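Accompanying notes for the structure given below.
All values below were derived from every heavy atom in this structure, side-chain atoms included, with hydrogens, water molecules and symmetry-related copies excluded. Bear in mind that the values here come from a model prediction, so they are computed numbers and not experimental data.
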Amino acid sequence: MTDYNTLYEQEPDALGAPYAPLHASIRQQVSDESRFLDIGCGQGRDALTLARLGHHVVGMDYAPAGIKAMQDNATAEGLSVNGVVGDLTEWTTSEMFDVLLCDRTLHMLPKQAHRDALARLIPQVSPKGFVFLVDEPSNMAGLKAVLTASNRHPVVLRETKGDYFVQLDQNESDS
């Protein structure tokens, strides 16, 4: 398993450029100044790009070096980014978000743990909010099942072997 904390300490932009289809879909679907939760944000590849577009981003990652790099860049550019160090298998938040973003993060957890993490975060997505998942194709059926089981009625915006972008209906308690 990769030691991401060491990687982030040693290599700026360790994970490369943002995934173009993801950001194109976000620009098409999500209104300006939305609140994003970027799970597994690393050094902020997605979080910083989104904040530059005027969004407010909370980025969570288990690697303190990644969060520090993201925060340093956000501060230098005056961007609305808040970094949080946490373990996705346990981390929770009471904040609500317009968008949940998981860009190649969930596959790093065991199958049940990545499904549990997604199920725990879905209630934090506001009514009519979005979930953007980019992951290993072999995980997509299980992740889609979690969204379907949430009773949030996902409307598919984009679906490929490794992408699943949806807009969610109201919260279960609102129905």
Would N73 and E77 satisfy side chain to side chain donor-acceptor pair (under 3.5 Å), going step by step from the backbone distance to the final call?
CA-CA 6 Å; N73 286 325; E77 294 183 46; over 6 Å; no
Apply side chain to side chain donor-acceptor pair (under 3.5 Å) to the pair D98 and H55, showing each step before the final yes or no.
CA-CA 10 Å; D98 302 306; H55 299 294; over 6 Å; no
Kindly indicate, with the supporting measurements, whether the criterion salt bridge (Lys or Arg N to Asp or Glu O under 4.0 Å) is fulfilled by E159 and K144.
CA-CA 10 Å; E159 183 173 5; K144 288 190 280 188; 2.4 Å; yes
Steps toward side chain to side chain contact (heavy atoms under 4.5 Å, CB included) verdict (L22, F132)
CA-CA 8 Å; L22 169 66; F132 291 91; 3.7 Å; yes
Go through the steps for N5 and L7 under the test side chain to side chain contact (heavy atoms under 4.5 Å, CB included), then give the verdict.
CA-CA 5 Å; N5 200 58; L7 177 67; over 6 Å; no
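What you find for E95 and T93 is that their closest heavy atoms are N-OG1, 3.1 Å. Between W91 and G86, the shortest heavy-atom contact is CD1-CA, 4.3 Å. For the residue pair S80 and A51, the shortest heavy atom distance occurs at O-CB, 4.1 Å. Nearest heavy-atom pair, Q43 versus A14, reported as atom, atom and distance to 0.1 Å: OE1-N, 2.8 Å. Scanning all heavy atoms of the two residues, the minimum distance from S34 to V30 falls at OG-CG1, 3.2 Å. Summarising the geometry of V81 relative to A74, their closest heavy-atom pair is CB-CB, 3.7 Å, with the distance given to 0.1 Å.
Under the 4.5 Å side-chain heavy-atom criterion for Ile, Leu, Val, Met, Phe, Trp and Tyr, L121 and Y164 are members of the same hydrophobic cluster. Two different hydrophobic clusters hold M70 and L100 under the rule that ILVMFWY side chains link at heavy-atom gaps under 4.5 Å. Under the 4.5 Å side-chain contact rule for hydrophobic residues, L143 and V156 share a cluster. Criterion: ILVMFWY side-chain heavy atoms under 4.5 Å apart, direct or through other members. Under it, V125 and V134 are not part of a common hydrophobic cluster. Residues V99 and F97 do not share a hydrophobic cluster, defined by chaining ILVMFWY side chains whose heavy atoms lie under 4.5 Å apart.
In this structure T89 satisfies the side-chain hydrogen bond (donor to acceptor under 3.5 Å, both in side chains) test together with D87, sequence neighbours excluded. Applying the side-chain contact (heavy atoms from CB on, under 4.5 Å) rule to L157 yields the partners Q29, F130, F165, Q167; only residues at least two apart in sequence or on another chain are considered.
Remark: K68 NZ is loosely packed, at most 12 non-hydrogen atoms of other residues, nucleotides or ligands lying under 6.0 Å away. The local environment of CG in D13 is sparse, with at most 12 non-hydrogen atoms from other residues, nucleotides or ligands closer than 6.0 Å.
Between the side chain of R35 and the main chain of S126, no donor-acceptor pair closer than 3.5 Å is present. Side chain of N82 to main chain of V58: no donor-acceptor pair is present (N/O by atom type, distance under 3.5 Å, no hydrogens or angles). Not a single donor-acceptor pair under 3.5 Å links the side chain of R152 to the backbone N or O of P123.
At a cut-off of 3.5 Å, with distance as the only test, a side-chain donor of D46 or H23 sits close to an acceptor on the other residue. Side-chain contact check for Y4 and D61: no donor-acceptor pair (N or O, by modelled atom type) lies under 3.5 Å.
Of the listed residues (L101, D163, L147), just one forms a side chain to side chain contact (heavy atoms under 4.5 Å, CB included) with L133, and that residue is L147.
From I122, atom CD1 reaches atom OG of S150 across 4.5 Å, with rounding to the nearest 0.5 Å. With rounding to the nearest 0.5 angstrom, the CG atom of L53 is 8.5 Å from the CZ atom of F36. The line from NE2 of H114 to OG1 of T105 is 12.0 Å long, rounded to the nearest 0.5 Å. Between the CG atom in L37 and the CE atom in M60 there is a gap of 7.5 Å [rounded to 0.5 Å]. Separating the CD1 atom in I67 from the CG atom in D72 is a distance of 11.0 Å, to the nearest 0.5 Å. N139 contributes atom CG, which lies 8.0 Å from atom CG of L106 (distance to the nearest 0.5 angstrom).
Cation-pi contact between R45 and Y19: absent, since separation from the ring centre below 6.0 Å together with deviation from the ring axis within 45° is not met.
A salt bridge links D169 with K128: the distance from a Lys NZ or Arg NE/NH1/NH2 to an Asp or Glu carboxylate oxygen falls below 4.0 Å.
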